[in-house]
Amino acid sequence: AMLIGTPSIASLCGGIPSMIDDGETALGFPAGDAAYLAHCIRRIFTDDTLAQHLSVNARAVALDRHRPEKLVPRQLEIYRQVIEDARVNSE
């Protein structure tokens, strides 16, 4: 959703808080708080400026986060570490 610029709302649990900047790239709500979730939904649908702000910022962050030149070296590093760990553990 962030990559295509959809104004988003996310439950602030698990790893989600590390993926968003509340109020900048998405709106966050406490897990299980349906009333606050409804408030966030209302905000996005009634405040075009906020929706646009979230959309632009989220897309910029997601494009940077998912750049191949960042992802490929990190993924290769992970694979190399897994292979190395497997070699060490099989000896």
Side-chain angles (χ1 to χ4, degrees):
M2 289 175 70
L3 195 54
I4 62 171
T6 302
S8 300
I9 303 166
S11 177
L12 297 173
C13 63
I16 299 299
S18 69
M19 300 293 292
I20 68 167
D21 181 0
D22 188 22
E24 292 298 316
T25 59
L27 296 180
F29 70 97
D33 190 338
Y36 197 73
L37 170 58
H39 170 72
C40 291
I41 293 169
R42 181 182 308 259
R43 284 183 66 198
I44 285 178
F45 280 100
T46 60
D47 187 341
D48 290 341
T49 302
L50 172 64
Q52 184 67 24
H53 178 79
L54 295 173
S55 176
V56 168
N57 289 343
R59 182 158 164 69
V61 167
L63 284 170
D64 180 61
R65 182 181 291 143
H66 300 292
R67 282 192 345 243
E69 58 272 15
K70 280 178 82 173
L71 291 179
V72 171
R74 177 65 181 132
Q75 196 65 42
L76 291 173
E77 178 184 327
I78 291 167
Y79 288 150
R80 286 185 190 107
Q81 188 61 53
V82 168
I83 291 167
E84 181 61 29
D85 290 351
R87 285 184 185 146
V88 169
N89 291 330
S90 69
E91 295 176 358

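Treat the numbers as computed from the prediction; the structure is a model and nothing was measured.
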**Q** For residues 1-27, pull every pair meeting side chain to side chain donor-acceptor pair (under 3.5 Å), keeping only residues two or more places apart or in separate chains.
**A** E24-H53, E24-N57
**Q** Let me confirm one number: the CZ-CE distance from R65 to M2, rounded to the nearest 0.5 Å.
**A** 5.0 Å
**Q** Run Q81 and D85 through side-chain hydrogen bond (donor to acceptor under 3.5 Å, both in side chains) and show every step you take.
**A** CA-CA 6 Å; Q81 188 61 53; D85 290 351; 2.7 Å; yes
**Q** Residues two or more places apart in sequence or in another chain: which of them pass side chain to side chain contact (heavy atoms under 4.5 Å, CB included) with R42?
**A** T46
**Q** List for me each residue that meets ring pair (Phe, Tyr, Trp, His ring centres under 6.0 Å) alongside H39, sequence neighbours excluded, and say none if there are none.
**A**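 By the ring pair (Phe, Tyr, Trp, His ring centres under 6.0 Å) rule, H39 matches Y36.
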**Q** Quick one: list whatever passes side chain to side chain contact (heavy atoms under 4.5 Å, CB included) with I9, sequence neighbours left out.
**A**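 Here the qualifying residues are L27, F29, L37, C40, I41, I44.
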**Q** Any ion pair linking E77 and R80 (charged N to carboxylate O, less than 4.0 Å)?
**A**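 Salt bridge between R80 and E77, a charged N being under 4.0 Å from a carboxylate O: no.
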**Q** For R59 and I4, indicate whether the former's side chain and the latter's backbone hold a donor-acceptor pair under 3.5 Å.
**A**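 Not confirmed, R59 side chain does not pair with I4 backbone.
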**Q** List in chain and number order the residues that pass side chain to side chain contact (heavy atoms under 4.5 Å, CB included) with R67, two or more places apart in sequence or in another chain; answer none if no residue qualifies.
**A** D64, E69, K70
**Q** Holding to side chain to side chain contact (heavy atoms under 4.5 Å, CB included), I want the full list of residues that pass it with L12, two or more places apart in sequence or in another chain.
**A**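 Residues passing side chain to side chain contact (heavy atoms under 4.5 Å, CB included) with L12: P17, I20.
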**Q** Counting distance only, does the side-chain N/O of D47 pair as donor-acceptor with the main-chain N or O of R43 below 3.5 Å?
**A**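 Absent.
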**Q** Taking L54 as the starting point, is it possible to reach F45 by hopping between hydrophobic residues whose side chains are less than 4.5 Å apart?
**A** yes
